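Here the structure is a predicted model, which means the values were calculated and not measured. What you see below is based on every heavy atom in this structure, not just the backbone, and it leaves out hydrogens, waters and symmetry mates.
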Amino acid sequence: MKKIVLTGLTLLMVGCSSYAQRGAVQLAYSNFNDQDYEDTLAYISQAEHARQMSPELKAELIYLKAQTYEKMGEYTKAKSLYLYLSNEHKLSQYGYLASERLKQIL
């Protein structure tokens with residue numbers, strides 16, 4: 001019985017962290033669209049720490065972070081994130097988008 005309860009609690013915690021991560025990602029995009037870049041970065045950080053991420057979600061969050069830094073005028077930070085994506089996630093859509101963005105800001 002104890003194992004069943006522990007298994008149930010573990011599944012509940014995983015489900016809650018997944019929900020929290022999705023919520024943080026949605027709030028990050030919402031704040032980005034509202035040009036609230038400090039909160040965008042805070043929600044990205046929450047999403048990154050909520051649970052283990054897929055490589056695609058990691059690339060998506062890094063791309064959003066790079067866009068945020070670019071909008072904030074922190075071009076060195078943005079460029080380094082775009083370079084990371086274009087090298088480490090070159091086969092993903094975000095690697096491609098980062099490569100294209102680098103051509104425009106160099």
Side-chain angles (χ1 to χ4, degrees):
M1 182 67 168
K2 190 175 184 180
K3 286 184 180 183
I4 293 173
V5 171
L6 289 176
T7 302
L9 288 174
T10 302
L11 291 174
L12 179 64
M13 288 174 32
V14 169
C16 288
S17 72
S18 175
Y19 179 76
Q21 187 178 48
R22 283 193 307 264
V25 171
Q26 289 175 345
L27 287 169
Y29 276 109
S30 177
N31 279 279
F32 181 82
N33 291 334
D34 291 342
Q35 300 177 354
D36 187 350
Y37 302 123
E38 294 295 331
D39 281 349
T40 300
L41 293 174
Y43 284 117
I44 290 170
S45 180
Q46 281 183 11
E48 289 173 331
H49 294 96
R51 61 176 271 193
Q52 192 169 358
M53 292 182 286
S54 68
E56 189 68 17
L57 180 58
K58 180 178 180 178
E60 178 182 359
L61 290 174
I62 292 170
Y63 186 77
L64 180 59
K65 190 184 294 187
Q67 287 182 303
T68 303
Y69 282 130
E70 189 174 350
K71 293 286 188 181
M72 295 171 76
E74 296 187 38
Y75 300 108
T76 303
K77 288 180 181 179
K79 183 179 174 185
S80 69
L81 291 172
Y82 288 136
L83 283 169
Y84 170 81
L85 285 169
S86 65
N87 291 325
E88 298 299 319
H89 295 271
K90 57 185 155 221
L91 299 179
S92 77
Q93 67 179 345
Y94 297 103
Y96 171 78
L97 291 170
S99 295
E100 292 301 308
R101 192 70 200 121
L102 281 170
K103 292 175 188 175
Q104 296 173 5
I105 63 173
L106 288 180

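To the nearest 0.5 Å, atom OG of residue S80 and atom CD1 of residue I62 are 10.0 Å apart. Note that CD1 of I44 and CD of E60 are 9.5 Å apart. Values are rounded to the nearest 0.5 Å. With values rounded to the nearest 0.5 angstrom, Q67 atom CD is found 8.0 Å from L97 atom CG.
L27 belongs to a hydrophobic cluster whose remaining members, ordered by chain and number, are Y43; membership requires side-chain heavy atoms of ILVMFWY residues under 4.5 Å apart, directly or through intermediates.
L64 places none of its side-chain heavy atoms less than 4.5 Å from the side chain of Y94. Annotation: side chain of K77 is not in contact with side chain of M72 (no heavy-atom distance under 4.5 Å). A heavy-atom distance below 4.5 Å is not found between the side chains of D34 and D39.
Under a hydrophobic-cluster definition in which Ile, Leu, Val, Met, Phe, Trp and Tyr are linked whenever side-chain heavy atoms come within less than 4.5 Å, directly or via other members, Y75 and L102 are assigned to different clusters. L61 and L91 are members of different hydrophobic clusters when ILVMFWY side chains are connected at heavy-atom separations under 4.5 Å.
Judged by distance alone, with hydrogens and angles left aside, the side-chain atoms of S45 form no donor-acceptor pair with the main-chain N or O of L41 at under 3.5 Å.
More than 12 heavy atoms of other shown residues, nucleotides or ligands fall within 6.0 angstrom of atom OH in Y29.
The two residues A98 and S86 have their closest heavy-atom pair at CB-N, 4.2 Å. Closest non-hydrogen pair, P55 versus H89, comes out as O-CE1, 3.7 Å.
Here the rule is side chain to side chain donor-acceptor pair (under 3.5 Å) with E48, and of K58, K65, Q21 only K65 fits it.
A centroid separation of less than 6.0 Å is found between the aromatic rings of Y63 and Y82.
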